[in-house]
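First the structure, in the form of structure tokens, and then the observations on it.
What you see is a predicted model; the values in this text were computed from it and never measured. Scope of the values below: all heavy atoms of this structure, side chains included, with no hydrogens, waters or symmetry mates.
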Amino acid sequence: MSLSRTFAVAGAVAALFSSGARAADMPELPPLRVDKPAVVEEFVSGWYLRGDLGYRFQRFQSASTAIGPDPQNNKFDNAAIGGVGAGYKEKWLRADITADYGWRGNYSGTVPGGLGYHSKFDAYTVLGNVYFDLGTWYGITPYIGAGAGGAYLTMSNFTTAPASTTSIQPNSRWNLAWAVMAGASYHLNYNWLIDVGYRHIEMGKAVGGPPTNPLTLKNVSGDEIRVGLRYILD
């Protein structure tokens with residue numbers, strides 16, 4: 001081997017070792033950080049506030065008076081409803097207290113001979129409720145629930161016609177009330193949920209008219225379609 005070739009081979013070997021040494025001395029790069037996408041927890045726990053709007057299809061079992069024949073051809077208006085509430089959710093179990101108002105509507109009925117009864121009717125309800133979430137599919141969480149509490153029913157502007165047109169003072173009473181419900185909720189984001197549901201509520205009896213011959217609406221109830229928002233408190 002010639003002298004020039006010997007120097008060339010020695011230089012190549014030296015360059016190779018030098019490159020390896022520099023590579024060994026290079027600091028390690030930090031691992032690449034990949035942030036996980038934000039995930040909304042469907043079974044989040046904590047205190048919450050709620051507000052609801054809806055429509056109540058109202059009915060009663062029967063109408064009767066203390067004296068004379070019972071009214072027939074009874075008509076009872078449906079009512080818009082609105083309510084607020086507060087509660088606590090622990091994973092799949094939820095409990096809250098709600099207060100609702102059913103806007104004033106009309107009642108009318110007639111008896112043989114042409115006598116007619118007319119009155120305004122409205123209702124406040126306060127219920128303690130318990131709900132069970134049934135799992136989450138595609139962000140939608142169905143639930144069932146039940147509640148119990150009180151209903152404050154008022155009959156006002158009571159008149160009879162054509163025999164008289166006498167307005168009677170409002171008559172209000174508290175009754176035991178209970179309800180069953182079902183629906184589904186969806187997280188708009190971590191704090192806000194939209195809730196769409198159905199509720200059947202039993203509110204007891206309503207009484208109105210003159211004390212000497214009161215009119216009683218027995219077993220007043222309602223089937224409600226409700227839409228609301230729940231806000232989870234941090």
Side-chain angles (χ1 to χ4, degrees), residues 48-63 74-89 92-109 119-136 139-157 170-188 192-208 216-232:
Y48 64 87
L49 303 175
R50 65 179 298 166
D52 298 272
L53 294 174
Y55 192 75
R56 177 185 293 158
F57 298 91
Q58 298 188 132
R59 62 182 60 86
F60 56 89
Q61 185 179 41
S62 62
N74 295 292
K75 296 180 180 180
F76 200 28
D77 285 351
N78 298 323
I81 55 175
V84 295
Y88 186 81
K89 186 176 187 301
W92 49 268
L93 179 64
R94 178 163 52 93
D96 60 29
I97 296 175
T98 56
D100 293 270
Y101 174 67
W103 266 261
R104 181 173 296 181
N106 296 303
Y107 159 80
S108 64
S119 179
K120 300 289 185 181
F121 172 86
D122 58 343
Y124 292 90
T125 58
V126 179
L127 299 179
N129 310 286
V130 177
Y131 313 85
F132 297 91
D133 290 336
L134 303 177
T136 300
I140 299 174
T141 304
Y143 64 85
I144 57 174
Y152 188 71
L153 308 184
T154 299
M155 296 186 72
S156 58
N157 300 103
N171 191 322
S172 301
R173 58 179 291 123
W174 278 102
N175 300 318
L176 177 66
W178 60 268
V180 292
M181 61 282 287
S185 63
Y186 180 80
H187 270 275
L188 301 175
W192 288 98
L193 300 91
I194 187 169
D195 188 315
V196 178
Y198 159 82
R199 182 173 81 169
H200 174 81
I201 185 167
E202 294 283 342
M203 297 178 284
K205 67 180 180 180
V207 179
T216 301
L217 306 182
K218 299 178 181 178
N219 298 333
V220 178
S221 64
D223 291 294
E224 303 171 354
I225 303 299
R226 304 168 65 91
V227 178
L229 289 173
R230 301 205 308 262
Y231 179 76
I232 300 171

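- Scored by the side chain to side chain contact (heavy atoms under 4.5 Å, CB included) test, Lys218 finds Ser62, Ser64, Thr216 as partners (sequence neighbours excluded).
- Arg173 pairs by the salt bridge (Lys or Arg N to Asp or Glu O under 4.0 Å) definition with nothing, not counting sequence neighbours.
- Applying the ring pair (Phe, Tyr, Trp, His ring centres under 6.0 Å) rule to Tyr131 yields the partners Tyr143; only residues at least two apart in sequence or on another chain are considered.
- Residues meeting the side chain to side chain contact (heavy atoms under 4.5 Å, CB included) test with Ala151, sequence neighbours left out: Thr125, Leu153, Ala177, Met203.
- We find the NE2-CD distance between His200 and Glu224 to be 9.5 Å, quoted to the nearest 0.5 Å.
- Rounded to the nearest 0.5 Å, atoms CZ (Arg50) and CD1 (Ile232) are 12.5 Å apart.
- For Lys120, the side chain to side chain donor-acceptor pair (under 3.5 Å) test picks out Asn106, with sequence neighbours left out.
- Not counting sequence neighbours, Ser108 has no partner by the side chain to side chain donor-acceptor pair (under 3.5 Å) test.
- Partners of Arg230 under the salt bridge (Lys or Arg N to Asp or Glu O under 4.0 Å) rule, at least two apart in sequence or in another chain, are Asp195.
- Here the straight-line distance linking atom CD1 of Ile140 with atom CG of Leu134 works out to 13.0 Å at 0.5 Å rounding.
- In this view, Tyr198 and Asp223 satisfy the side chain to side chain donor-acceptor pair (under 3.5 Å) rule, not counting sequence neighbours.
- The two residues Thr154 and Pro170 have their closest heavy-atom pair at CG2-CB, 4.2 Å.
- Evaluation of the side chain to side chain contact (heavy atoms under 4.5 Å, CB included) rule for Ile194 yields Tyr186, Leu188, Leu229 as partners, not counting sequence neighbours.
- Not a single salt bridge (Lys or Arg N to Asp or Glu O under 4.0 Å) links Asp77 to another residue, sequence neighbours left out.
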Name every donor-acceptor pair, under 3.5 Å, that has one atom in a side chain of residues 97-105 and the other anywhere in the protein, sequence neighbours excluded.
unit_1, atom_1, unit_2, atom_2, d
Thr98, OG1, Asn129, ND2, 3.0
Asp100, OD1, Arg226, NH1, 3.4
Asp100, OD1, Arg226, NH2, 2.9
Tyr101, OH, Asp122, OD2, 3.2

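- Expressed to the nearest 0.5 Å, how far CH2 of Trp92 lies from OG1 of Thr141 amounts to 14.5 Å.
- To the nearest 0.5 angstrom, Ser119 atom OG is 9.0 Å from Phe76 atom CZ.
- Contacts of Asn74 classified as side chain to side chain donor-acceptor pair (under 3.5 Å), with partners at least two apart in sequence or in another chain: Tyr107.
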